[in-house]
Protein chains: 2
Amino acid sequence: MSKHDYLKVLKEKGLKLTVQRRKIIETLHQLDGRMSARDIYQELQKKNPNLSLDTVYRNLRLLTEIGLVHHIPLPSGAVFELSDDGQHHHHLVCINCDKVSCIAYCPDLSGFSSYADSEGFKVLGHIFEVYGQCSECRNDNKQRIVD
Amino acid sequence: MSKHDYLKVLKEKGLKLTVQRRKIIETLHQLDGRMSARDIYQELQKKNPNLSLDTVYRNLRLLTEIGLVHHIPLPSGAVFELSDDGQHHHHLVCINCDKVSCIAYCPDLSGFSSYADSEGFKVLGHIFEVYGQCSECRNDNKQRIVD
DNA sequence: TTCTCAAATAAGAATATTACTATTTACATC
DNA sequence: GATGTAAATAGTAATATTCTTATTTGAGAA
């Protein structure tokens, strides 16, 4: 998704295109990685010392709600990434080194949603993250055992 | 799982049966609901004013790691519940009123885990929570629209 | 029972995240 | 372009969670 498309989506949702909001998206877009709220705050504060940390958190929450941004809870704290396509996906997270990989698997809730709906509960979304140990950290562990 | 069983599991894991640890489990057991770290802290502080809030957080994290306790992230903050059987399960959470129901569905990661393992990644666990709107909150919304 | 020591705690500092409120701003309408 | 208004921001306070370190304690060994 291009930078322009993000701004279009915001407009479609009736949200204002504030400078701060644009900058947050641009930062995530340009640095093209996963950043914490504080990372983004520190980056943007270089140009705008008046920026409020709350504004970063508030917008990240908003952008997450409308699906433009993914919130990834890591053992060491939350990071955020831009959504490529407006669709969500899930992650494989190493509990040792915090490395994150995207995965294609998504729990199939279609059957469950119908059931829940018949019980009056409207399913609106889900969070799903897989935790484990990456190959590098596994190798490190083996080496340590040998030592 | 009885109170005694929890203490047995702790012992098996080589963890100390501290007074604070026992009290945290007993509180979750007796009040038999879902409580925030602060709820538990405030309850236990009545009897032990020296109790540290950090101790509550630290033990809830530990108990969650070994599977005796479930951590449930709600929009308004995290709550904890004792695990009935040492097995995990997932929840349906109303984003309006924070009501929580347990659900039987659990994402099937067996195939994915084998694949991940062949790539060097050892899957150790996952988090999964379903969000939506409960029947009561849906009805409230309808009424508001009619008004 | 006493001793020993790693594990756990208390206390407080540090960090993360959210809430509150007065002021500012995007943007639709004129 | 000027104006009205609701949404968004800055600044700050409040709350949630984690970290650091000196002290205490559970539990095994003597």
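All chains are named by letter (A, B, ...) in the order of the sequence lines, taking the proteins before the strands, and each is independently numbered beginning at 1.
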Original post:
In terms of side-chain heavy atoms, does A/R58 have a donor or acceptor partner in A/T55 at a distance below 3.5 Å?
Top reply: yes
Original post:
Whole-Å distance between C/dT9 P and B/L44 CG?
Top reply: 12 Å
Original post:
How many Å lie between NZ on B/K23 and P on C/dT9, as a whole number?
Top reply: 14 Å
Original post:
When we call it a touch if two heavy atoms are under 4.0 Å apart, what does B/L17 touch: a base, just sugar-phosphate, or nothing?
Top reply: sugar-phosphate
Original post:
Whole-Å distance between C/dA7 C1' and B/K11 NZ?
Top reply: 15 Å
**OP:** Would you indicate, yes or no, if C/dT9 has its OP1 or OP2 atom less than 4.0 angstrom from a side-chain nitrogen or oxygen of B/T18?
**Re:** yes
Original post:
Phosphate oxygens OP1/OP2 of C/dT9: is one of them under 4.0 Å from a side-chain N or O of B/N59?
Top reply: yes
Original post:
Within this structure, what is the CG-to-P distance between A/L51 and D/dA10, rounded to whole angstrom?
Top reply: 5 Å
Original post:
Hey, is the side chain of A/R61 poking within less than 4.0 Å of OP1 or OP2 on C/dT17, counting only N and O atoms?
Top reply: no
Original post:
Would one find a side-chain N or O of B/N50 under 4.0 angstrom from OP1 or OP2 of C/dA11?
Top reply: yes
Original post:
Are B/S110 and B/D108 linked by a side-chain donor-acceptor pair shorter than 3.5 Å?
Top reply: yes
Original post:
Rounded to the Å, how far apart are A/H71 NE2 and C/dT17 P?
Top reply: 7 Å
Subject >> Nearest heavy atoms of B/Q133 and A/L124, plus distance in Å >> reply: N-CD1, 4.3 Å
**OP:** Name the residue closer to the 5' end of DNA chain C, choosing between B/L53 and B/P75 according to the nucleotide with the nearest heavy atom.
**Re:** B/L53
Original post:
Taking atom P of C/dT17 as reference, at what distance in whole Å does atom CZ of A/F80 sit?
Top reply: 7 Å
**OP:** Hey, which sits more toward the 5' end of DNA chain D by its nearest nucleotide, B/S76 or B/D54?
**Re:** B/S76
Subject >> A/S52 side chain near D/dG11 phosphate (N/O to OP1/OP2, under 4.0 Å) >> reply: no
Original post:
If only side-chain N and O atoms of A/Y57 are considered, is one of them under 4.0 Å from the OP1 or OP2 phosphate oxygen of C/dT18?
Top reply: no
Original post:
Can you tell me how far P of C/dT24 sits from NZ of A/K16, to the nearest Å?
Top reply: 14 Å
Subject >> B/R58 side chain near D/dT18 phosphate (N/O to OP1/OP2, under 4.0 Å) >> reply: no
Original post:
Does A/Q20 make a side-chain N or O approach to OP1 or OP2 of D/dA10 shorter than 4.0 Å?
Top reply: yes
Subject >> Distance below 4.0 Å between A/R38 side-chain N/O and C/dT15 OP1 or OP2 >> reply: no
Original post:
If you take all heavy atoms of A/V56 and A/A37, which pair is closest and at what distance?
Top reply: CG1-O, 3.5 Å
Original post:
What is the nucleic acid contact for A/A37, judged by heavy atoms within less than 4.0 Å: base, sugar-phosphate only, or nothing?
Top reply: nothing
Subject >> Mutual orientation of the aromatic rings belonging to B/Y115 and B/F112 [parallel < 30°, tilted 30-60°, perpendicular > 60°] >> reply: tilted
Original post:
Is any side-chain heavy atom of B/K13 closer than 4.5 Å to a side-chain heavy atom of B/E65?
Top reply: no
Original post:
Given atom CG of B/L74 and atom P of C/dT17, what is their separation to the nearest angstrom?
Top reply: 17 Å
